Amino acid sequence: GIPTVRKRPLAERRKSRKIMVGSVPVGGDAPVSVQSMTTTVTADVNATLQQIAELTAAGCQIVRVAVPSQDDADALPQIAAKSPIPVIADIHFQPKYVFAAIDAGCAAVRVNPGNIKKFDDRVGEIAKAASEAGVPIRIGVNAGSLDERLLRKYGTATPEALVESALWECSLFEEHGFTDLKISVKHHDPVVMIAAYRLLAERCDYPLHLGVTEAGPPFQGTIKSAVAFGALLAEGIGDTIRVSLSAPPVEEVKVGIAILEALNLRERGLEIVSCPSCGRAQVDVFTLAERVQAGLAGLPVPLRVAVMGCVVNGPGEAREADLGVASGNGKGQIFVEGKVIKTVPESQIVETLIEEALKLAERRGIT
Ligand code: SF4
């Protein structure tokens with residue numbers, strides 16, 4: 001078994017229908033999944049597959065690739081065949097790329113039928129091809145590319161406008177009997193985004209893909225995504241998430257996973273319970289916490305590790321943790337499962353914790 005305590009999430013999940021994105025279920029009782037998007041030129045097959053491998057190693061479960069040109073569409077069969085995780089083709093206007101993506105074995109397509117209808121109305125054919133191939137479609141409404149008609153009606157990209165747009169897009173597929181859909185209604189402002197998803201969650205039972213679009217550089221984007229996803233997931237809304245950062249996509253995956261872990265929607269991996277330190281601290285807690293984090297990060301063991309600056313709260317926190325250290329006087333009291341097992345010099349704290357973590361993993365049958 002997994003040693004960390006399984007805690008209850010904040011709310012019952014909203015009841016959504018389940019779709020399959022390749023091998024990954026989305027919606028229904030499926031765990032919330034983490035997605036990202038490649039930043040390579042899709043036509044560069046090797047670079048794209050390399051980035052997908054890195055994303056997969058970081059824990060990404062579904063990956064999206066942009067398909068703006070014929071060269072990109074031509075690369076899809078190889079990418080879909082060799083990617084270890086399901087690939088979603090992201091297409092804007094061209095129906096022919098949608099058919100190419102379905103033929104290529106992509107697990108899903110992100111396309112807004114409203115765009116297709118405007119230029120070359122082959123929505124019915126797309127519905128038929130997707131349905132025959134068992135390929136779901138994501139309708140992705142973004143504040144930045146909201147339909148002209150709705151912009152005129154609402155003046156700006158309000159939650160109502162985003163939701164009306166998304167449900168209208170869905171209706172274009174529904175009129176062809178196609179309902180294998182999931183939806184996103186992204187906005188850069190978490191407040192508008194949260195309101196939009198709440199409204200959407202009430203109005204349909206399609207699975208929802210959460211995203212704050214153009215969330216920004218890592219710090220701001222992480223905060224915006226954590227706040228917005230946190231608010232929605234805490235209400236049970238959201239079936240798959242993508243954190244958008246102006247940063248390498250692996251960072252998006254790390255943040256996405258950490259958000260799910262923080263909400264108990266994912267078993268926590270390494271969790272460092274470290275004190276903020278105060279005037280009583282007798283070691284540099286910040287550095288120690290970082291060294292412990294770095295030293296234990298690679299271990300495939302879910303662990304809660306307490307790193308405390310002094311012995312005032314050390315024993316209390318350590319009792320709840322798998323491992324712990326309470327420092328003082330250039331030494332560290334090492335706790336394992338709540339008991340002090342030894343005291344080591346400060347310089348040996350990290351290596352001792354790693355040693356004890358490995359022993360603990362072995363005792364618990366995880367290697
Ligand atoms: Fe201060 Fe000790 Fe608490 Fe850390 S554990 S915040 S050093 S009292």
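Computed from a prediction, not measured in an experiment: that's the story for all the values here. Whatever order the structure lists ligands and atoms in, that order sets their numbers, starting from 1.
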Worksheet item: Taking non-hydrogen atoms only, is A326 closer than 4.0 angstrom to ligand 1 via side chain, backbone, both or neither?
Response: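 None of A326 does.
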Practice prompt. Using a 4.0 Å heavy-atom threshold (strictly under), name the region of C275 that reaches ligand 1: side chain, backbone, both or neither.
Written response: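 The part of C275 near ligand 1 is the side chain, not the backbone.
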Worksheet item: Counting backbone and side-chain atoms alike, does C278 have an N/O/S atom under 2.8 Å from atom 1 (Fe) of ligand 1?
Response: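 Yes, since at least one N, O or S atom of C278 sits under 2.8 Å from atom 1 (Fe) of ligand 1.
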Taking [X] for the side chain and [Y] for the main chain, is one N or O donor matched with an acceptor at less than 3.5 Å?
X: S225; Y: V243; result: no
X: D284; Y: F286; result: yes
X: H176; Y: F178; result: no

Discussion item. Quick test of your reading of the model: are R291 and E351 salt-bridged, counting only N-O distances below 4.0 Å?
Written reply: no
Out of all atoms in ligand 1, which are within 4.0 Å of some heavy atom of [X]? Include the element for each.
X: S277; result: 4 (Fe), 6 (S)
X: A281; result: 7 (S)
X: R280; result: 8 (S)
X: M308; result: 5 (S)

Fill in: Sole candidate of E252, Q35, H209 that passes side-chain hydrogen bond (donor to acceptor under 3.5 Å, both in side chains) when paired with R242
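Among E252, Q35, H209, the one that satisfies the side-chain hydrogen bond (donor to acceptor under 3.5 Å, both in side chains) with R242 is E252.
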Fill in: R110 versus S184, side-chain donor and acceptor atoms under 3.5 Å
no
Worksheet item: Is there an N/O/S atom in C310 that lies less than 2.8 Å from atom 4 (Fe) of ligand 1?
Response: no
Discussion item. So if I apply the side chain to side chain contact (heavy atoms under 4.5 Å, CB included) rule between T38 and each of D90, D44, I52, which one comes out positive?
Written reply: I52
Worksheet item: Nearest protein heavy-atom contact for atom 3 (Fe) of ligand 1: which residue, which atom, what distance?
Response: N313 ND2, 3.4 Å
